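Accompanying notes for the structure given below.
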Amino acid sequence: EIFSAASIIAAETHELGDNYYKTQVTRILAAKPEAILAATISHFLGTFIRQLREAGYTGPIISVYEAEDDTVLESAQGFADGLLLFVGYP
């Protein structure tokens, strides 16, 4: 079991097409999260992960199974190691 209980301590959004997440990353990290759920797709997710790691975040990053897209790994530029994926079942 990775987490026995979870609560949302910060929530940020972005516009599709954004590639710079410094404001969101700064606000999220200021909340001192134990883990981050990144609910975005494609290269946006990879870029977000890279910017989180570059800002010093070392904790778990969780995303949806669509994150297995090659563009995520390419845009994360090596920072996606340890990315946790979940799949919801009905």
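Note that this is a predicted model, so its numbers are computed, not measured.
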query = Residues in side chain to side chain donor-acceptor pair (under 3.5 Å) with Thr71, at least two apart?
reply = Ser42, Asp69

message = Which residues pass the side-chain contact (heavy atoms from CB on, under 4.5 Å) test with Ala55, not counting sequence neighbours?
response = Val25, Leu29

CZ-OG1 distance between Phe48 and Thr40, expressed to the nearest 0.5 angstrom = 8.5 Å

task = Evaluate side-chain contact (heavy atoms from CB on, under 4.5 Å) for Leu37 paired with Phe86, printing each intermediate quantity in order.
result = CA-CA 10 Å; Leu37 172 63; Phe86 72 88; 3.7 Å; yes

request  = Answer yes or no: is there a side-chain heavy-atom contact under 4.5 Å between Leu83 and Ser63?
outcome  = yes

Distance-minimising heavy-atom pair for Tyr57 and Ile36 = OH-N, 3.5 Å

task = Using the six-membered ring wherever Trp is involved, compare the ring planes of His14 and Phe44 and label them parallel, tilted or perpendicular (cut-offs 30° and 60°).
result = tilted

query = Taking all atoms of both residues into account, what is the closest heavy-atom pair of Ser75 and Gly46, and its distance?
reply = OG-CA, 3.2 Å

ask   = Got a sec, which residues hit side-chain contact (heavy atoms from CB on, under 4.5 Å) with Glu54, two or more places apart in sequence or on another chain?
value = Arg50, Gln51, Phe79

key: Nearest heavy atoms of Leu73 and Ala80, plus distance in Å   = CD2-CB, 3.8 Å

ask   = Which salt bridge (Lys or Arg N to Asp or Glu O under 4.0 Å) pairs, counting each pair once, include a residue from residues 20-33, with sequence neighbours left out?
value = Glu12-Arg27

note = In this structure, CG of Asp70 is separated from NE2 of His43 (nearest 0.5 Å) by 14.5 Å

ask   = Could you go step by step and tell me if Leu85 and Val64 meet the side-chain contact (heavy atoms from CB on, under 4.5 Å) rule?
value = CA-CA 5 Å; Leu85 306 178; Val64 295; over 6 Å; no

query = If you look at every heavy atom in Asn19 and Thr47, which pair is closest and at what distance?
reply = O-CG2, 3.3 Å

message = I'd like to check the side-chain contact (heavy atoms from CB on, under 4.5 Å) partners of Ala39; sequence neighbours left out, ordered by chain and number.
response = none

